[in-house]
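Worth knowing before you read on, the calculation uses all heavy atoms, side chains too, and leaves out hydrogens, waters and symmetry mates. In the text below, chain A, chain B and the rest are named by the order of the sequence lines, each starting its count at 1.
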2 protein chains.
Amino acid sequence: MEDLSQIARKLSACGLRPSAPRKALLAHLQACGTHPTPYELLDAFKAQGRPISIATLYQNLQVLSEAGLIRKFVDSEGTSRYDANLGVHHHLHCTSCGRILDIEVPEALLGSLSALGQAEGWQVSKVQLDLDGLCNQCQGQETLESA
Amino acid sequence: MEDLSQIARKLSACGLRPSAPRKALLAHLQACGTHPTPYELLDAFKAQGRPISIATLYQNLQVLSEAGLIRKFVDSEGTSRYDANLGVHHHLHCTSCGRILDIEVPEALLGSLSALGQAEGWQVSKVQLDLDGLCNQCQGQETLESA
DNA sequence: ATCATTGCAAACTGTTTGCATCAAG
DNA sequence: CTTGATGCAAACAGTTTGCAATGAT
């Protein structure tokens, strides 16, 4: 958990002015633990009473991504999502409630996967892995519904 | 390789009228060996001198997907793509030329991946795996460019 | 003849851009 | 004061929908 002055310093260190929307964006993404879509972010800031414009939001999502402070990805439904977890990780995606959980995949497994590409003569730079399924909560709900 | 009457029979078997656009779509996807986007399909039919309207295209992509004759997926850039390969398979995606190659992942590996989700209490229904990198051709080009 | 399918045009969603205003250094 | 950031509005890309004309059974 970082306070706002640390966030501001991080932005400055990347040559970015620590404007209010940028600090809010980075702080929110680092704290929320989820993988929000642009519109979820928009709503979150509006709900906090500090709305930002959609143009500013998209501009900054791009700027922060380019600076390497956050990361963009596209989920299996094609929805853009943003993530402040910069480490190598992958996703568990609940097809019922939409929740996304970060998981770590053992090095050895990642190596075996890259090897599949190398076997075809490709130079693999990134292993994108998403496990779609039902989270523990939604499994329970399915049971209730079908009862 | 299937001829058009076989394609027509397949459509009828699913309760779909074998209209010209449907036959063309299914035949093309089965034959092309790539994973076209809607606009690539549109252009392909236009180039063949049998253009179809974009509304018809989207309607039929959905209808054929629902019938299980083709499958939709979203690549790591968020672009919709369609695939007539219905078996379990995964993708090698060239970040330079955009080419996508189907690969098979050994059962054992898929099992290990699903197990990661199960360890978190999730019920994994689908392992979505994309290996991003450079295909053999584009590796060569990178070398030339940087020379 | 009936009912599904086509295709135009208009609507919509998510995203980007131009530009005048505003704020940080 | 200078330069970069904001935010409105307009433009865009991809996709969906309403509806009259068309085509398959």
Write down the distance between CG (A:Asp75) and P (C:dG14), rounded to a whole number of angstrom. 12 Å

B:Gln62 side chain, from C-beta outward: closest of C:dT5, D:dT16, D:dG7: D:dT16

How close or far is atom P of D:dA5 from atom CG of A:Leu61, stated in whole angstroms? 15 Å

Quick one: is D:dT25 close enough that its OP1 or OP2 comes under 4.0 Å of any side-chain N or O from B:Arg17? no

Comparing A:Ser80 and B:Pro51 on DNA chain C - which has the more 5′ nearest nucleotide: B:Pro51

B:Leu11 atom CG is separated from C:dT6 atom P, nearest whole Å, by 10 Å

Separation of B:Leu57 atom CG from D:dT17 atom P, in whole Å? 15 Å

Less than 3.5 Å apart, which donor and acceptor atoms pair up between the side chains of residues 116-123 of chain B and the rest of the protein, not counting sequence neighbours?
none

Name the residue closer to the 5' end of DNA chain C, choosing between B:Ile54 and A:Thr79 according to the nucleotide with the nearest heavy atom. B:Ile54

So B:Ser19, base contact, sugar-phosphate only, or nothing? Heavy-atom distance under 4.0 Å. sugar-phosphate

Mapping B:Ala20 and B:Gln59 to their closest nucleotides on DNA chain D, which lands nearer the 5' end? B:Gln59

Please report, rounded to the nearest Å, how far the P atom of D:dG7 is from the CG atom of A:Leu25. 11 Å

Kindly determine whether B:Arg71 and B:Asp83 satisfy salt bridge (Lys or Arg N to Asp or Glu O under 4.0 Å), including the steps that lead there. CA-CA 5 Å; B:Arg71 190 184 284 167; B:Asp83 194 339; 5.9 Å; no

Heavy-atom closest pair, residues A:Gly98 and A:His93: O-CD2, 3.9 Å

Given D:dA5, C:dT17, C:dT6, the nucleotide with the shortest approach to the side chain of B:Arg22: C:dT6

Ignoring hydrogens and geometry, is there a side-chain-to-backbone donor-acceptor pair from B:Thr95 to B:Gly133 under 3.5 Å? yes

Would you say the side chain of B:Arg99 lies within less than 4.5 Å of the side chain of B:Leu92, judging by non-hydrogen atoms? no

Mind calculating the distance between CG (B:Leu42) and P (C:dC8) to the nearest angstrom? 11 Å

Let me know the distance between CD of A:Glu66 and P of D:dG4, rounded to the nearest Å. 15 Å

Out of C:dT15, D:dG14, C:dG7, which nucleotide sits closest to the side chain of B:Tyr58? D:dG14

What's the closest nucleotide to the A:Asn60 side chain, out of C:dT6, C:dT15, D:dT6? D:dT6

For B:Ser12 and B:Lys72, find the nucleotide of DNA chain D closest to each by heavy atoms; which residue's nucleotide sits nearer the 5' end? B:Lys72

Phosphate OP1/OP2 of C:dT6: any B:Ser53 side-chain N/O under 4.0 Å: no

I need the CZ-C1' distance between A:Arg50 and D:dA5, as an integer number of Å. 19 Å

